Every structure is written in structure tokens, then in C-alpha cells.
Student: 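Before anything else, here's the structure in question.
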Number of protein chains: 2
Amino acid sequence: MNIGDVAQRSGLPAKTIRYYEEIGLITLLRGANGYRAFRDSDLHKLAFIGRARALGFSIEECRTLLALYEDAGRESGEVKRLAGEHLKQIDAKIAELQSMRATLAHLVHACAGDDRPDCPILEDLAGGACCS
Amino acid sequence: MNIGDVAQRSGLPAKTIRYYEEIGLITLLRGANGYRAFRDSDLHKLAFIGRARALGFSIEECRTLLALYEDAGRESGEVKRLAGEHLKQIDAKIAELQSMRATLAHLVHACAGDDRPDCPILEDLAGGACCS
DNA sequence: ATTGACCTTCCAGCAACTGGAAGCCCCATG
DNA sequence: CATGGGGCTTCCAGTTGCTGGAAGGTCAAT
């Protein structure tokens with residue numbers, strides 16, 4: 001398989017696959033022509049990485065997850081711990097965004113949004129000390 | 001005022017203030033010794049930017065907001081539109097994170113997390129095709 | 001032989017900072 | 001008046017995770 005096929009089948013852009021090789025997330029063989037030669041196992045790993053990334057794991061976490069995946073003697077506790085920590089980070093991020101959202105929604109609601117210059121949104125940004 | 005005072009009073013790191021000047025988000029005067037000389041209005045603007053950033057506005061959005069803030073003839077409708085778009089982006093981000101969270105929480109729940117290697121989390125990442 | 005689609009490498013850039021080095025400047029103390 | 005420590009300056013590099021583009025080699029088909 002060449003990189004184009006793998007890109008299509010894994011859903012990852014070819015550029016991204018090259019990047020993953022460059023940072024040592026995956027090691028690839030080369031054909032006589034210099035082209036990367038992908039085995040099924042490489043495609044499999046890349047799909048694994050793609051799914052982990054879609055769940056928001058960082059590249060370094062993906063590296064660890066891959067290592068655990070390939071370690072037949074792993075303890076699932078470690079995987080669970082890693083995933084649990086990541087879950088906490090996601091929760092923190094959600095909470096942060098929801099707090100922003102609340103403030104912003106309040107301000108948007110309070111703004112007339114017409115052709116006059118008076119704007120509670122700008123007033124809040126300017127003053128900090130605001131209503132309700 | 002020197003940068004240290006402004007950093008403390010605005011809550012922004014000195015490095016960040018220098019960066020904001022470098023990218024032209026704010027223009028600062030210089031004293032005879034080469035030090036940045038901050039006026040009250042500069043502090044005010046920086047606090048404005050800090051609050052906008054805390055609400056998740058990008059630097060470019062901050063630039064626009066500042067311009068609107070300083071334009072006495074602005075139409076609040078434009079501010080509201082900008083904020084409304086940003087609100088939509090926040091909502092999209094929250095939805096994305098909540099979707100991740102749901103999958104991940106499900107997997108974490110399903111994993112025994114003991115000293116045995118069997119792990120539904122890794123199985124899901126490997127296979128994609130998973131349970132319930 | 002010549003397209004045209006692939007593949008290769010390398011370099012640059014995005015957002016929004018952050019850290020560190022090297023070197024002035026200013027004030028207070030001995 | 002020298003010295004020490006803190007604060008200020010600039011510049012360069014690194015962060016995360018790619019993405020775009022240029023210049024050039026390869027391959028399969030016409």
C-alpha cells in the first residue's frame with residue numbers, strides 16, 4: 001500500500017501520516033523506490049491513532065496508548081487511569097466553555113443589536129463591573 | 001507606569017503585553033530610557049483585551065472589538081453579530097467535547113481497570129466497531 | 001516519449017503565547 | 001562612589017498538531 005491508499009482508508013491526510021512518522025509515532029518501511037510501504041498492521045495502527053485523536057487524546061497520550069496496546073502484559077488499570085485523567089481534562093474544558101457561554105449569552109441577550117452605539121457587551125468588556 | 005505594574009493590575013503577564021504590542025494590538029509610548037510608558041488608557045485597553053480573551057474571543061476578534069469600542073459611531077448590531085457568532089462556535093465546541101466525553105465515559109466505565117490486560121478502551125480504539 | 005497522478009523532501013506558517021539568554025537601567029545601601 | 005539586585009529591553013527558540021507549497025523523482029498508460 002502507498003500513502004494515498006492508507007490516507008483514504010484511515011481517514012487521515014497523507015501529510016498527517018508523514019508527520020506521525022517524522023515524530024516517531026509510527027515506524028514505516030520503505031520500498032526500493034523510496035516510497036513508504038504500508039503493511040496492514042500500519043494501517044491498523046494509524047486507524048487506532050485516528051480514533052484516539054478523535055477522542056481528544058494528545059499525541060503523547062496516543063504514543064502511550066499504542067505502547068499499551070502492543071504490550072500483551074499490560075494492566076488495564078493503567079489504561080483506565082490514563083483515560084480517566086483525560087476525561088477529567090475534558091470535563092474541565094467543558095466547564096470552562098460553559099462558563100464563557102453563560103456570560104456571553106447573557107451579554108448577547110442584553111444587547112439591542114441595532115444601529116445605535118450603546119452596547120452592554122462592550123461596556124462589560126470595558127468595565128468588568130457589570131449588572132446582575 | 002512600567003510594564004510590571006500594568007501586568008499586575010491587568011492580570012496579563014508582561015510577556016503577553018509585549019506580544020500584544022508586537023502584533024499591533026496595542027500601541028505604546030516609550031520613555032527616554034526605552035521603557036514602555038503606560039497611560040491609564042493603555043491599562044484600560046489591556047484589561048479590555050484580557051476580558052475578551054477570557055470569553056474566548058480570538059486575537060483578531062479582540063482587534064475588531066477594540067476598534068468598535070473606540071468608534072463612538074459604531075452600531076451595536078455589529079458587536080452583537082460578532083458575539084453571536086462566537087457564541088455559536090463555543091456551542092459547537094461544547095457539543096464536540098460532550099460527544100467525546102460520552103464515548104470516553106462509557107469506555108472508562110466498561111474497563112475493569114485491574115491488573116489484567118483485557119481492556120475495552122483499547123479494544124474500541126483498535127476496532128472501532130464496538131458494543132452498545 | 002510524454003503526459004499526469006502519484007510519491008519524496010524540505011521549508012514556512014498558523015495561534016497565542018512562553019522561556020531563556022544577553023545586556024541596559026535604576027535605586028538603595030555601604 | 002561602587003556594587004548589588006531587581007526590572008526593563010531585545011531577540012531567538014520552542015510549544016501543539018498539523019497544513020500548504022515548491023522542487024523534484026517515479027510510475028502507469030497512451
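Bear in mind that the values here come from a model prediction, so they are computed numbers and not experimental data. Each chain gets a letter, A, B and so on, in the order its sequence line appears, and its residues count up from 1.
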Student: With the sugar-phosphate defined as primed atoms, P, OP1 and OP2, and the base as all remaining atoms, what B/S/- string results for nucleotides 14-25 of chain D, 5' to 3', for protein heavy atoms under 4.0 Å?
Tutor: ---BBSBB---B
Student: With sugar-phosphate meaning primed atoms plus P, OP1 and OP2, does A:Ile23 contact a base, only sugar-phosphate, or nothing at under 4.0 Å between heavy atoms?
Tutor: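 No contact.
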Student: Atom CD1 of B:Ile17 and atom C1' of D:dC8: how far apart are they, to the nearest Å?
Tutor: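 Between C1' of D:dC8 and CD1 of B:Ile17: 13 Å.
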Student: For the pair A:Arg36 and A:Glu21, find out whether any cationic side-chain nitrogen is under 4.0 Å from an anionic carboxylate oxygen.
Tutor: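 The answer is yes: the pair qualifies as a salt bridge.
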Student: In whole Å, what is the span from the CG atom of B:Leu28 to the P atom of D:dC8?
Tutor: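 So the two atoms are 13 Å apart, to the nearest Å.
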Student: Is it true that B:Arg51 and A:Asp124 have a side-chain N and a carboxylate O under 4.0 angstrom from each other?
Tutor: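 Salt bridge: no.
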Student: In whole Å, what is the span from the CZ atom of B:Arg18 to the C1' atom of D:dC8?
Tutor: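 About 7 Å, once rounded to whole Å.
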Student: Give a yes/no on whether any side-chain N or O of B:Arg36 is located under 4.0 angstrom from OP1 or OP2 of D:dC8.
Tutor: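 It does not, given that no N or O in the side chain of B:Arg36 lies less than 4.0 Å from OP1 or OP2 of D:dC8.
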Student: Kindly compute the distance separating CG (A:Leu28) from CZ (A:Phe38), expressed to the nearest 0.5 Å.
Tutor: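 Going from CG on A:Leu28 over to CZ on A:Phe38, the span is 5.0 Å.
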Student: Find the distance A:Asp5:CG to C:dC6:P and express it as a whole number of Å.
Tutor: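 For the pair A:Asp5 CG and C:dC6 P, the rounded distance is 10 Å.
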Student: Take atom CG of B:Leu29 and atom P of D:dT9, then tell me their distance rounded to the nearest Å.
Tutor: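 The answer, rounded to whole Å, is 13 Å.
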Student: What's the spacing between B:Asp118 CG and B:Cys111 SG if we round to 0.5 Å?
Tutor: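 Rounded to the nearest 0.5 Å, the CG-SG separation comes to 9.0 Å.
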Student: Can you tell me if the side-chain N/O atoms of B:Arg30 get under 4.0 Å from OP1 or OP2 in D:dT10?
Tutor: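 The answer is yes; a side-chain N or O of B:Arg30 sits under 4.0 Å from OP1 or OP2.
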Student: Check this for me, if you would: do A:Asp42 and A:Lys45 make a salt bridge, where the nitrogen-to-carboxylate-oxygen distance has to be below 4.0 angstrom?
Tutor: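 Salt bridge absent between A:Asp42 and A:Lys45.
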Student: Rounded to whole Å, how long is the line connecting atom CD of B:Gln8 with atom P of D:dG7?
Tutor: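 Going from CD in B:Gln8 over to P in D:dG7 covers 10 Å.
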Student: Rounded to whole angstroms, how far apart are CD1 on B:Ile49 and P on C:dA16?
Tutor: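 It works out to 12 Å between those atoms.
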Student: In Å, rounded to the nearest 0.5 Å, how long is the span from CG of A:Leu66 to CZ of A:Phe48?
Tutor: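 Going from the CG atom of A:Leu66 to the CZ atom of A:Phe48 covers 5.0 Å.
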Student: Within this structure, what is the CG-to-P distance between B:Leu12 and C:dC17, rounded to whole angstrom?
Tutor: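 Spelled out: CG on B:Leu12 to P on C:dC17 is 8 Å.
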Student: Are B:Tyr35 and B:Leu46 joined in one hydrophobic group, where the rule is that I, L, V, M, F, W and Y side chains link up if heavy atoms are under 4.5 Å apart?
Tutor: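 No, B:Tyr35 and B:Leu46 fall in different hydrophobic clusters.
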